[in-house]
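Notes follow once the structure below has been shown.
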Amino acid sequence: MNDKTISSTPARNHGGGMRWLFNKKILFFATLASLIIIPIGVGDDYIYHIFITICLFAGLSTAWNIVGGYAGQLSLGHAIYYGIGAYTGMLMLNSGVSPWISMFVGAILAAGVAVAISYPCFKLHGPFYALASIAFLEVFHVISLNWVGLTGGANGVMVPLEMGWSTMIFTERLPSLVIVFGLMSFSLAVAWVIRRSKLGFQLIATRERESAARGAAIRTVHVRLYAAAISAGLTAMLGTFHGSYLTYIEPESAFNLTFSIQIVLFALVGGLGTVFGPLYGTILLVPITELARGWLGSSAIGLHGFVYGVVLILVVLFMPDGIMSLIQRYLPSSRVRRLDASVENSVDHVPLDDINKPTRPPIGEVVLKVEHLDKHFGGLHVTNDLSFDLHKGEVLGIIGPNGAGKTTVFNMISGFLRADSGSVAVLGEDGHFISPKTPGAFARSGVGRTFQIVQPFAAMTVEENIMVGAFYRFRSVEECRKAAREIASELGLNRFLDEEARNLPIGGLKRLEVARVMAMRPRILLLDEVMAGINPADLREAIELIKVIRNSGISIIAIEHVMQAVMELSDRVIVISSGEILAQGKPEEVVKNEAVIEAYLGKEASDASNE
Amino acid sequence: MELIFSLIVNGLMLGSLYAMVSVGLTLIFGITKVINFAHGEFMMIGMMLTYIITTYLGIHPYLTLVFIVPLLFVLGILVQKYLIEPLRNSDEHVQIFATVGLSIAMINLVLMIAGSDNFNTPSSGMRHTLDLGLATVLTGQVVIMLCSIFMVGGLHLFLTRTQMGRAIRATAQNRNAAQLMGINVSRINMVTFGIGIACVGIAAVLLSPLYPVNAQTGQSFVLIAFVIVVMGGLGSITGAFFAALIIGLVDSFTGFYLGSSLKGVAVFGIFLMILIFRPSGLFGKARKLAHVS
Amino acid sequence: MLRMNNVSSGYGATTILHDVSLEVKKGEVVTIVGGNGAGKTTTLRTLSGLIDTSAGSITFKDEDITHLPAHQVVNRGITLIPEARQLFPEMTVLENIQMGAYRPAAKSRYEQRLEEVLALFPRVKERLHQQAESLSGGEQQMVAIARGMMACPELLIFDEPSLGLAPIVVSQVFDVVKKIAESGTTVLIVEQNVQQTLKVADRAYVIENGRIVMDGQAQELMGNDHIRKAYLGI
């Protein structure tokens with residue numbers, strides 16, 4: 001813990017920097033230990049109760065965070081799974097089945113319900129998803145009230161007070177604390193593992209930018225369903241425990257909206273999407289409300305809720321990133337480094353000399369066939385009977401005025417948009433043409449694309465961004481990381497590997513966009529205005545970069561406005577205007593074409609050039 | 001036959017009550033793009049105040065409108081100014097939790113002050129039954145029905161015929177272009193929020209003689225208001241009105257045939273169906289949602 | 001009349017305009033030309049207050065308007081007719097035009113101005129009571145221009161008025177721009193259609209990568225190789 005370690009360690013966000021790692025670990029394990037040691041030391045029943053409450057909510061919030069934070073689906077109905085777990089435990093205990101078994105039955109049940117509920121709701125975003133989750137919660141509430149034969153209706157369910165480990169009912173508080181502590185630790189471990197696994201990256205990529213995630217062959221619906229199921233399962237296990245702890249459960253407390261909101265609140269206060277945020281959020285908030293209750297008299301109903309409401313408002317106004325952002329701020333070496341000016345200037349001037357430049361292979365057979373594409377938006381005919389081919393190793397430039405329909409064509413040849421009629425066929429590795437339909441299918445058949453508006457997965461580092469592209473090729477995270485590093489060094493992004501992507505300047509972002517796609521090892525690369533907005537000095541390097549990619553045998557279609565790049569790179573150019581092919585041919589020929597000059601510069605210009 | 005008729009009448013009465021509660025919510029969403037999760041709590045506060053003023057001053061509950069509507073208008077402006085506007089460029093989840101937090105704080109503040117008891121505003125003649133031949137209704141219900149029609153009509157005229165109303169619609173349809181016309185968009189948002197909350201204030205006063213109020217009252221109404229707002233097409237005032245009538249009828253019929261406890265399942269079932277299969281609302285064009293949200 | 005002094009601006013952390021200086025004199029028609037993504041639209045959005053200036057200053061009639069919000073810039077007499085028309089789709093054409101006269105100074109002259117403006121756009125006059133979204137692209141552009149004129153601005157700014165329009169409509173749009181300029185309104189125009197714009201304009205600025213790289217009389221720039229190169233690479 002001396003200054004030397006700080007200065008000699010490159011700043012890293014996740015786990016990098018010895019001092020940060022050290023502190024974070026100490027902080028975490030000290031916190032965990034204190035959750036057990038303090039109540040044992042004090043020995044007071046009330047203190048035990050508070051710590052059991054902390055562990056319970058920390059576990060629930062951590063579980064919620066897997067779907068709410070990592071996947072960004074703001075469920076306000078998580079009490080559904082808690083209730084399912086609690087009822088399953090109580091009802092099975094009444095039939096003589098131990099909670100240790102019913103816990104898993106409840107978890108499986110809850111996971112199933114979560115999948116059934118989430119599947120139709122994933123197309124809803126933000127507040128609408130939240131509303132739908134509230135509505136489902138309300139439905140479960142009403143059902144539990146009315147299915148008296150099963151749930152006992154409004155009277156709720158009680159269990160016989162048979163003490164012991166097999167029923168999870170104790171006169172002492174300590175065993176309950178041990179059990180809930182174990183469950184909470186299990187939740188934390190699961191959350192930790194997911195965050196570091198492929199699933200975690202895929203969830204965050206999906207949350208940050210769904211279109212690019214789909215373009216990288218991530219099954220965005222599947223991964224979110226896994227997250228929902230895991231989260232619901234963990235929530236139900238804690239529900240089963242809590243049922244036994246309370247020995248009584250009723251619809252009002254089991255399927256309760258305020259309870260759901262509390263779970264979310266702790267995660268939000270701690271830091272949405274962070275592994276340990278929910279734990280810290282709970283530890284901070286539960287005691288505060290308990291203390292406030294002590295000052296203001298224990299009979300004050302509503303005090304809990306009032307404090308939570310006010311805290312929620314204050315957090316969204318002043319600390320929307322939660323406690324974890326504060327922890328990071330006050331541990332200097334962990335701080336997310338902003339690029340200083342000198343770095344910013346140099347990011348685009350990465351020398352490419354050390355990259356071996358293969359000689360260019362000859363242009364080969366047709367690898368992509370686009371035939372008679374037609375697309376209407378409302379009354380607008382955006383693509384009109386468009387056909388073209390792409391050959392192996394060829395660079396095909398697509399140019400045309402703004403609004404000509406170029407990006408629409410890209411969307412149709414990468415699966416993001418379905419054409420009204422016409423077909424797109426990709427040459428598969430087995431030598432047969434296939435017609436993929438979804439972005440994922442296109443990606444797997446070897447078509448990779450960049451997006452015109454560059455938005456990286458902002459909360460991820462450069463390395464992690466590139467890894468997302470490699471996911472569908474490899475099983476393990478480490479292999480992906482290795483592949484990402486290779487790509488990064490090929491594309492000159494090596495020293496920004498640990499930088500958060502949002503800190504890159506525009507030139508770096510464009511390069512990152514290409515790197516993510518290259519990590520998929522595509523055979524056909526679709527580039528949408530990768531040269532736009534970069535400095536003239538960087539243009540040279542960007543062009544060289546594309547040449548390197550081309551020389552490795554990849555076929556490229558590039559939408560580009562920077563004419564210098566179009567002229568230099570393209571073997572063939574297609575000019576699109578008003579959704580139709582206006583001209584095509586060699587770049588030198590195309591720019592002399594009258595119709596093209598007119599489309600770009602207006603009529604008089606073409607007249608002038610004839611004189 | 002008589003039964004059906006009285007169920008229909010009851011449904012329409014209930015529906016117009018729901019319409020009053022929902023109109024402000026849909027207006028606020030349409031213009032500021034914020035779902036106000038605390039909408040019901042403003043109504044609850046309005047009903048509480050109606051109760052307090054009526055019982056202490058011994059005046060007719062309807063007279064409290066003079067005080068409560070301006071008060072809620074100002075409250076709405078303050079909420080927009082200090083809570084919603086600062087978060088305009090924040091993440092979606094932050095905006096959601098801002099009003100969720102407000103809702104929790106308001107409910108629990110009232111719980112702390114007033115406990116969880118029910119308070120009954122004096123009915124002041126509003127619970128008189130009127131015999132319509134085939135069905136009977138309460139005077140208060142008729143007043144609500146008429147007022148809801150006036151409110152929807154009045155808002156419609158305000159939005160289409162006045163300069164301020166047009167500026168509000170312009171802001172909703174294209175915020176950018178509205179600024180370029182010289183419209184102070186943040187002021188428009190504040191006024192809109194104020195009007196939306198004032199509307200739920202009117203609903204609160206008119207409801208008071210008919211319904212008891214407690215800290216949780218807002219929640220039970222606002223969930224149905226969400227259903228109506230989504231069903232009517234977010235941001236559409238007339239859409240919300242007709243959706244409210246439909247939900248009123250559904251409520252009345254399922255309440256009778258399935259029992260009052262199961263009607264919630266029917267209402268929320270419809271809600272989920274609409275959210276999932278027709279998110280632009282029953283009457284909305286699919287495109288509408290795109291530029292509304 | 002209008003002066004931008006060393007203005008820089010952008011979105012969030014990304015700076016798009018670097019050190020842009022330009023001026024527009026009363027009664028002039030000035031154009032900014034440049035390729036896609038060169039910073040034309042950003043310049044206009046900065047001028048009109050839609051995005052804030054991060055460095056430098058903007059003055060209009062010798063008053064500082066650098067950090068004024070958009071609606072106050074309009075009140076000073078600068079109106080921007082935005083790219084891609086941006087009408088209020090669910091309002092009628094007449095309501096759209098009424099919104100144009102929202103600024104207090106324009107309200108008092110509404111009736112008279114309406115007549116003047118509609119005289120310029122006979123097609124618009126025929127469609128006053130249609131929903132704006134039901135109009136064709138060319139008609140919508142005319143409504144957008146009419147709406148902008150209703151504010152009685154001293155400086156009228158056009159952002160790509162010919163974008164996505166058929167060639168015949170484009171020349172109509174330029175006729176209108178010419179008429180507006182002749183009637184004494186100062187005009188700043190950003191266009192892709194370089195040749196036609198240069199014919200209308202008195203002076204021009206060429207912008208590349210967020211920097212002004214050249215300026216001069218429109219006539220002189222007409223045959224300039226630099227412009228051809230920026231657009232066509234030849």
Side-chain angles (χ1 to χ4, degrees), chain B residues 26-27 30-31 33 81 85-86 88-91 156-192 232-239 280-281 283-293, chain C residues 11-12 41 44-45 47-52 68-92 94-107 110 131-133 140 143-153 156-159:
Chain B
T26 203
L27 180 72
I31 282 76
K33 319 297 181 226
K81 181 163 184 186
E85 185 71 22
R88 203 166 56 78
N89 296 320
S90 305
D91 285 352
H156 188 77
L157 286 179
F158 169 71
L159 289 174
T160 50
R161 299 291 160 81
T162 67
Q163 176 86 358
M164 171 70 91
R166 277 196 293 265
I168 290 178
R169 279 164 60 219
T171 307
Q173 290 175 28
N174 190 330
R175 189 183 164 95
N176 226 343
Q179 282 176 287
L180 293 174
M181 300 298 110
I183 296 172
N184 183 346
V185 173
S186 30
R187 206 176 120 243
I188 290 291
N189 282 344
M190 282 198 284
V191 170
T192 308
L234 286 145
S236 160
I237 287 169
T238 37
S280 56
F283 321 107
K285 294 167 274 183
R287 194 169 38 79
K288 202 158 185 162
L289 193 69
H291 75 76
V292 161
S293 59
Chain C
Y11 302 90
T41 295
L44 299 191
R45 290 176 64 88
L47 261 181
S48 60
L50 286 175
I51 50 180
D52 199 20
L68 286 188
H71 66 269
Q72 285 182 25
V73 173
V74 177
N75 288 341
R76 297 290 172 99
I78 302 179
T79 290
L80 168 66
I81 298 170
E83 191 179 27
R85 304 174 279 284
Q86 302 206 22
L87 297 183
F88 304 114
E90 287 172 29
M91 290 179 147
T92 64
L94 182 61
E95 282 178 313
N96 266 280
I97 289 176
Q98 283 173 334
M99 291 316 300
Y102 189 83
R103 149 189 194 224
K107 256 178 237 171
Y110 176 72
Q131 287 285 88
E133 62 187 348
Q140 288 193 18
V143 175
I145 298 176
R147 186 180 66 175
M149 290 178 68
M150 287 305 294
C152 308
L156 190 56
I157 308 177
F158 292 85
D159 192 358

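Within every chain, numbering begins at 1; the chains are lettered A, B, ... in the order of the sequence lines, protein sequences first and strands thereafter. All values below were derived from every heavy atom in this structure, side-chain atoms included, with hydrogens, water molecules and symmetry-related copies excluded. Because the structure is a prediction, the values reported are computed rather than measured.
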- For chain B, which residues from residues 144-152 of chain C lie under 4.5 Å away (heavy-atom distances)? R147(C)
- Task: Check whether any side-chain heavy atom of R169(B) sits under 4.5 Å from a side-chain heavy atom of E90(C), and report yes or no.
- Result: no
- Query: Would you say N176(B) and P82(C) make side-chain contact, with heavy atoms under 4.5 Å?
  - Reply: no
- Closest heavy-atom pair and its distance - A167(B), Y102(C): CB-CE1, 3.6 Å
- Taking all non-hydrogen atoms of both residues, which atom of Q179(B) and which atom of A70(C) are closest, and how far apart? CB-CB, 3.9 Å
- Specify the closest pair of heavy atoms between L180(B) and V74(C), including all atoms of both residues, with the distance to one decimal. O-CG2, 3.3 Å
- Under 4.5 Å from any heavy atom of chain B - which part of L50(C): side chain
- Considering residues, nucleotides and ligands other than K107(C), do more than 12 of their heavy atoms fall under 6.0 Å from its NZ? yes
- Message: How about CZ on R187(B), more than 12 heavy atoms from neighbouring residues, nucleotides or ligands closer than 6.0 Å, or not?
- Response: no
- Heaviest contributor of heavy-atom pairs below 4.5 Å to chain B, chosen from R103(C), Q72(C), M99(C), R45(C), is M99(C)
- Note on the structure: Here the gap from E95(C) atom CD to R161(B) atom CZ, rounded to the nearest 0.5 Å, amounts to 9.0 Å
- Query: In terms of heavy-atom proximity below 4.5 Å to chain B, should I78(C) be classed as side chain, backbone, both, or neither?
  - Reply: neither
